[in-house]
Number of protein chains: 4
Amino acid sequence: MSPVPGADPRPPGVLAHPTTPRSLRVHDAALRAATELLAEGGLPAATMDAVVTRSGVSKATLYKHWPSRTALAAEAFGLRTAGAAPPPDTGSARGDLTEQVRRVGAFCAGVDGRVFAQLLAACVTDPCAGAYFRAFCLAARREAVAELWRRAVRRGEAAPGVAADTATDVLLGALVLRLMAGHAALGPGEADRIADAALNGLLTAPGS
Amino acid sequence: MSPVPGADPRPPGVLAHPTTPRSLRVHDAALRAATELLAEGGLPAATMDAVVTRSGVSKATLYKHWPSRTALAAEAFGLRTAGAAPPPDTGSARGDLTEQVRRVGAFCAGVDGRVFAQLLAACVTDPCAGAYFRAFCLAARREAVAELWRRAVRRGEAAPGVAADTATDVLLGALVLRLMAGHAALGPGEADRIADAALNGLLTAPGS
Amino acid sequence: MSPVPGADPRPPGVLAHPTTPRSLRVHDAALRAATELLAEGGLPAATMDAVVTRSGVSKATLYKHWPSRTALAAEAFGLRTAGAAPPPDTGSARGDLTEQVRRVGAFCAGVDGRVFAQLLAACVTDPCAGAYFRAFCLAARREAVAELWRRAVRRGEAAPGVAADTATDVLLGALVLRLMAGHAALGPGEADRIADAALNGLLTAPGS
Amino acid sequence: MSPVPGADPRPPGVLAHPTTPRSLRVHDAALRAATELLAEGGLPAATMDAVVTRSGVSKATLYKHWPSRTALAAEAFGLRTAGAAPPPDTGSARGDLTEQVRRVGAFCAGVDGRVFAQLLAACVTDPCAGAYFRAFCLAARREAVAELWRRAVRRGEAAPGVAADTATDVLLGALVLRLMAGHAALGPGEADRIADAALNGLLTAPGS
DNA sequence: ACGTAAGCGAGACGGTACGTCACGTCTTAAG
DNA sequence: CTTAAGACGTGACGTACCGTCTCGCTTACGT
């Protein structure tokens, strides 16, 4: 980590700790290590001690940057995962929202889904990590749906009386429930069925 | 639990462990202890050691009856909680399903909701407990909705193309998602809004 | 530690954990490890983690057997060190006590003296270890002097008004003080001078 | 310590750091803070971070003035404690030395005795602090006894063959031993008994 | 008068060990 | 054969304090 004296590969004139404010170096190293560990063994592998070992950042320092190991893991996972794909634009609200649900379904069914579930689970135990999870793992996904929703409302394709929050959770909740409880499949077909059901409504006759 | 010597209230001739198969006594004692502990401090309080202490059942025995502490806790919680209230019967599918969602919402928002969330979280880590959770905590609740759903289909009030499983998860998923992630409120009004949105559908124009 | 399955070198018929009551095995293993570590690097080397590693005994178990690492170290050191040499018997109280002081002086000046000092120091910080230190490291040494003292009193060679405790501490105190503070030498000549001074008295004219 | 802007009580024209060489201010502030902390919670409370916080002197600076926290503490404690009381002058060597031993005994038995013991203990671990301890905490006390001793020798009341160093350690050693190990009382009566024993000698018949 | 060097406040950092916790496995002895 | 009792190994936790380091400001001094 700190350059070994006499083995300094930096050209003269370059400071030992270049521009990088000390904190940044640490922050990055820890996140990188956590990301790798999560990819290798999921949350259980992303032990604080493991992060310490791999990143070279000391445990005390880690706890100055994050309130708990779960928070660190959530940030690391979120940063890697929240890569904003361009929002779907199929021309219709139905198509857009269905596609988005399908994407989230694929995410849940994939390798990352497992880690996502582990993080969500950990946040139940560790409330201070909840904020990190919501900020780094949840917000972007919910916002993506909410954005589509608002566009649909503007176009007059969506029920105007439904809040974006409500619509979002109705569309995504079933997927997350299945991911966590494991009582039903999560394949692409299921995502479609869920999207259809939620978008069309469950009842035949409209009401209140 | 363990018969106190010299303080045996049983009449002579009655065996110490009468008809009751030994296992049942153990099973019950453990579940009772776990139930109390869950009520007092949630899942974190329902330590195996705590169950051992309170129930008088030894640890080795517990692990012969349940594969993990989470499994025991799930069974204990499920038995207390799955008390079958009579299904709502308002005369309309809309009313019934809305009422049922409202009930689940109230459950999630209440004290038991926290434990439910902790158990669901624990099952992500402990897959063998997942089966217990699904059997004792989840099945009854999902079945209650599914039953209403099937009735609605029979009456022609529900979209016939939607499977009961799908309908159930769409109705309940949003609640569970909010319970776990804590990003939005869980009050009774919210339950209504979610039920309305799911039952009416999110879009204005029907499709596919 | 626990026999690797399939690699058991024991002849058939020999139990895995023979007669040895479990606790004894642990106690011994820990003490042995601590003794070695103390010999290799003094108290600083006798880390709990090091004892864990070397002995195969888990940390939690160690803390069930000893209240602190210092206590464990004190017991280990005392057991090795308190080997009862036959008490000196030169025929005179003067000779016996001088010889005993000389022995303690040699002990203090030697390698073990350093560890003795470290333990005594640690007991100031860790009061619950103090009892272990007194029992395992101090008692035998003080008792050896006190025994000589009582014999001297019986023979009429010692001042009868002086308690054994007092005599003991006057004879040994100077050595320990020098060991701890390091302000003066601890060679054999010094031991003699100290013994002479204490036995003869510091003043020329007797008093009170 | 660091001049609060806008709250400077100094008359105009007086420099912020007048003649006082910078180092002195720092030295004093650190010692004052350490002294207070020692009084409040003994050595364990006199953490470097605590001194930093209370004195406003930075950690790096502290380590330029003292080699270790123990050294700083020893100096602080010594300066407060080594207040030279006028040496006893009872007219006889016996009286003077007894009084001095009694004083040291009272010191050991009091609140400061605990800190003294903690410092002596710390110096075993931290050799570079040993010099500070000897200079600030030990030297004055030993010198006071030695001075009395030399006077006694001049007056012919003391055994001339005994070096001042030896006499001093014989008189004080027992007290320190009891302070550190805690195996016996340290009351005023004990101080008297120790002084008597050492001054009169332990044996009845003079020898060598 | 100004630049240079030193002294300093601030505090992040790596390191090492601590003592604690709960899990799930295991042994022993009693019935 | 089942059980109570509880010791044990495992693995991670979060904390504490050490002593080192860098940064950037301020003062003192030399020219």
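Order of the sequence lines fixes the chain letters, A, B, ..., with proteins taken first and strands second; residue numbering starts at 1 for each chain. All figures in this text were calculated on a predicted structure; none of them were measured in a lab.
The nearest heavy atom of DNA chain E to H65(A) and to S68(B) marks one nucleotide each, and the one closer to the 5' end goes with H65(A). With the nearest nucleotide of DNA chain F identified for both T47(A) and K64(B), K64(B) has the one nearer the 5' end. Comparing A60(C) and T70(D) along DNA chain F, the residue whose closest nucleotide (by nearest heavy atom) sits nearer the 5' end is A60(C). Of the residues near DNA chain E, K59(C) and D126(B), the one whose nearest nucleotide (by heavy atom distance) lies more toward the 5' end is K59(C).
Following rounding to the nearest Å, D49(C) (CG) and dA12(F) (C1') show an atom-to-atom distance of 12 Å. At whole-Å resolution of the value, CG in L24(D) and C1' in dA28(F) are 16 Å apart. What separates OH of Y63(C) from P of dA22(E) is a distance of 17 Å, to the nearest Å. Rounded to an integer number of Å, the gap from L62(B) CG to dT3(F) C1' is 11 Å. Look at NE2 on H27(C): it is 14 Å from P on dG9(F), rounded to the nearest Å. Between the CE atom of M48(A) and the C1' atom of dT15(F) there is a distance of 13 Å, given to the nearest Å. Separating the CG atom of L37(A) from the P atom of dA12(F) is a distance of 11 Å, rounded to the nearest angstrom. The CG atom of L72(D) sits 10 Å away from the P atom of dC18(F) (whole-angstrom rounding).
For the residue pair E75(B)/H27(B), the side-chain donor-acceptor check at 3.5 Å is satisfied.
Applying the 4.0 Å criterion to OP1 and OP2 of dA4(F), one finds that R25(B) has a side-chain N or O inside that range. Close to dA12(F), at under 4.0 Å from its OP1 or OP2, lies no side-chain N or O of R69(A). Remark: T61(C) is not in phosphate contact with dA7(F), judged by side-chain N or O atoms under 4.0 Å from OP1 or OP2. Phosphate contact (OP1/OP2 of dG15(E), side-chain N/O of S58(A), threshold under 4.0 Å): absent.
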(request) Mind running side-chain contact (heavy atoms from CB on, under 4.5 Å) on Q118(D) and T125(C) for me, showing each step along the way? (result) CA-CA 7 Å; Q118(D) 291 169 335; T125(C) 297; 5.7 Å; no
(message) Pair Y132(A), T70(A) - check side-chain contact (heavy atoms from CB on, under 4.5 Å), show working.
(response) CA-CA 8 Å; Y132(A) 281 76; T70(A) 311; over 6 Å; no
(message) Apply side-chain contact (heavy atoms from CB on, under 4.5 Å) to residues V52(B) and V57(B) and explain how you reach the verdict.
(response) CA-CA 5 Å; V52(B) 165; V57(B) 175; over 6 Å; no
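In this structure, the helix from dA1(E)-dT31(F) to dG31(E)-dC1(F) shows an angle of 10° between the axis at its start and the axis at its end, each fitted on 5 base pairs and rounded to 10°.
The line from CG of L62(C) to CE of M48(C) is 5.0 Å long, rounded to the nearest 0.5 Å. The distance from atom CG of L31(C) to atom CH2 of W66(C), rounded to the nearest 0.5 Å, is 4.0 Å. The distance from the OG1 atom of T47(C) to the CZ atom of R69(C) is 5.5 Å, given to the nearest 0.5 Å.
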